[in-house]
Amino acid sequence: QVQLVESGGGLVQAGGSLRLSCAASGRTFTYYNMAWFRQAPGKEREFVAAISRSGGSPYYADSVKGRFTISRDNAKNTVYLQMNSLKPEDTAVYYCAADRSILVFTTDVQYDNWGQGTQVTVSS
């Protein structure tokens, strides 16, 4: 198992930016593909972005493409989500997830390691 701790959430005005971080510990970070998901009140958890072990092949939900960027620093055992041009509909709890499969998945059922989440609130 790998332990994941998110940070960087907060309150921001529409059009602003935030950078989320997810620090991993417990297992070799480079064994894992990493992803970000989010869950808004009253809604199901949804995929945001994913990245492969090497840092290549990023995947994005259509709703964030062009505004969010996922990256990882394997030397620091950390994955990031840079969020620009934030909108009120981006308001949610954001979760970091890890998976050791060969393929990079965009569905939450494939991920068996999760952080506790960090709240992002975008005001209009």
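As the structure is a prediction and not an experimental result, all values here were calculated from the model. Scope of the values below: all heavy atoms of this structure, side chains included, with no hydrogens, waters or symmetry mates.
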*Do the side-chain N and O atoms of Arg100 and Tyr32 include a donor-acceptor pair separated by under 3.5 angstrom?*
no

*Taking C-beta and beyond as the side chain, do Leu103 and Gln110 meet within less than 4.5 Å on heavy atoms?*
no

*asked:* How long is the straight-line distance from OG1 of Thr106 back to CD of Glu46, given to the nearest 0.5 Å?
replied: 11.5 Å

*Should we count CD of Gln13 as having more than 12 external heavy atoms under 6.0 Å?*
no

_Connected via hydrophobic side-chain network under 4.5 Å: Tyr59 and Ile51_ = no

*Side chains of Asn84 and Gln82: donor-acceptor distance under 3.5 Å anywhere?*
yes

*asked:* I'd like to know if Tyr94 and Val122 are part of one continuous hydrophobic network [Ile/Leu/Val/Met/Phe/Trp/Tyr, side-chain heavy atoms within less than 4.5 Å].
replied: yes

_Exercise: identify the closest heavy-atom pair between Leu18 and Gly8_ = CD2-O, 3.8 Å

*So do Tyr60 and Val48 actually touch side chain to side chain, heavy atoms under 4.5 Å?*
no

*Nearest 0.5 Å please: distance from the CG atom of Asn77 over to the OG atom of Ser25.*
8.0 Å

_Is there a side chain to side chain contact (heavy atoms under 4.5 Å, CB included) between Val12 and Met83? Walk through the geometry before answering._
CA-CA 11 Å; Val12 64; Met83 306 186 294; over 6 Å; no

*side chain to side chain contact (heavy atoms under 4.5 Å, CB included) evaluation trace for Phe105 with Asn33*: CA-CA 8 Å; Phe105 293 106; Asn33 299 320; over 6 Å; no

*In terms of hydrophobic clusters joined by side-chain contacts under 4.5 Å, are Phe29 and Trp114 together?*
no

_Quick check: closest heavy atoms across Ser124 and Pro88, and the distance to 0.1 Å?_
CB-CG, 3.8 Å

*Where the side chain of Glu6 meets the backbone of Cys96, is there a donor-acceptor pair that is under 3.5 Å apart?*
yes

*Would you call Asp62 and Lys65 a salt bridge, taking side-chain N to carboxylate O under 4.0 Å as the test?*
yes

*Show your reasoning for whether ring-ring contact (aromatic ring centres under 6.0 Å, His included) applies to Tyr95 and Phe37.*
CA-CA 5 Å; Tyr95 297 92; Phe37 291 81; 8.8 Å; no

_For Arg38, is there any backbone N or O sitting under 3.5 Å from a side-chain donor or acceptor partner on Arg45?_
no

*Thr78 and Arg72: CA distance, side-chain angles, deciding distance, side chain to side chain contact (heavy atoms under 4.5 Å, CB included) verdict*: CA-CA 6 Å; Thr78 302; Arg72 65 190 293 164; over 6 Å; no

_Shortest non-hydrogen contact between Ala98 and Val2, atoms and distance_ = CB-CG1, 3.8 Å

*Answer whether the closest heavy-atom distance between the side chains of Lys87 and Ser63 falls below 4.5 Å.*
no

_Please tell me whether Leu20 and Tyr111 are part of a single hydrophobic cluster in this structure, the criterion being side-chain heavy atoms less than 4.5 Å apart._
no

*Flag yes if Phe47 and Val93 sit in one hydrophobic cluster, no otherwise; membership is Ile, Leu, Val, Met, Phe, Trp, Tyr, and two members link when side-chain heavy atoms are under 4.5 Å apart.*
yes

_How long is the straight-line distance from CG of Leu81 back to OG1 of Thr118, given to the nearest 0.5 Å?_
11.0 Å

*What is the distance from atom OG of Ser85 to atom CZ of Phe68, rounded to the nearest 0.5 Å?*
9.0 Å

*When Asn113 is tested against each of Gln3, Met34, Gln1 for side chain to side chain contact (heavy atoms under 4.5 Å, CB included), which residue passes?*
Gln1

*State whether the side chain of Asp112 and the backbone N or O of Ala97 hold a donor-acceptor pair below 3.5 Å, judged by distance alone.*
no

*OH on Tyr80 to CD1 on Ile70, rounded to 0.5 Å*: 12.0 Å

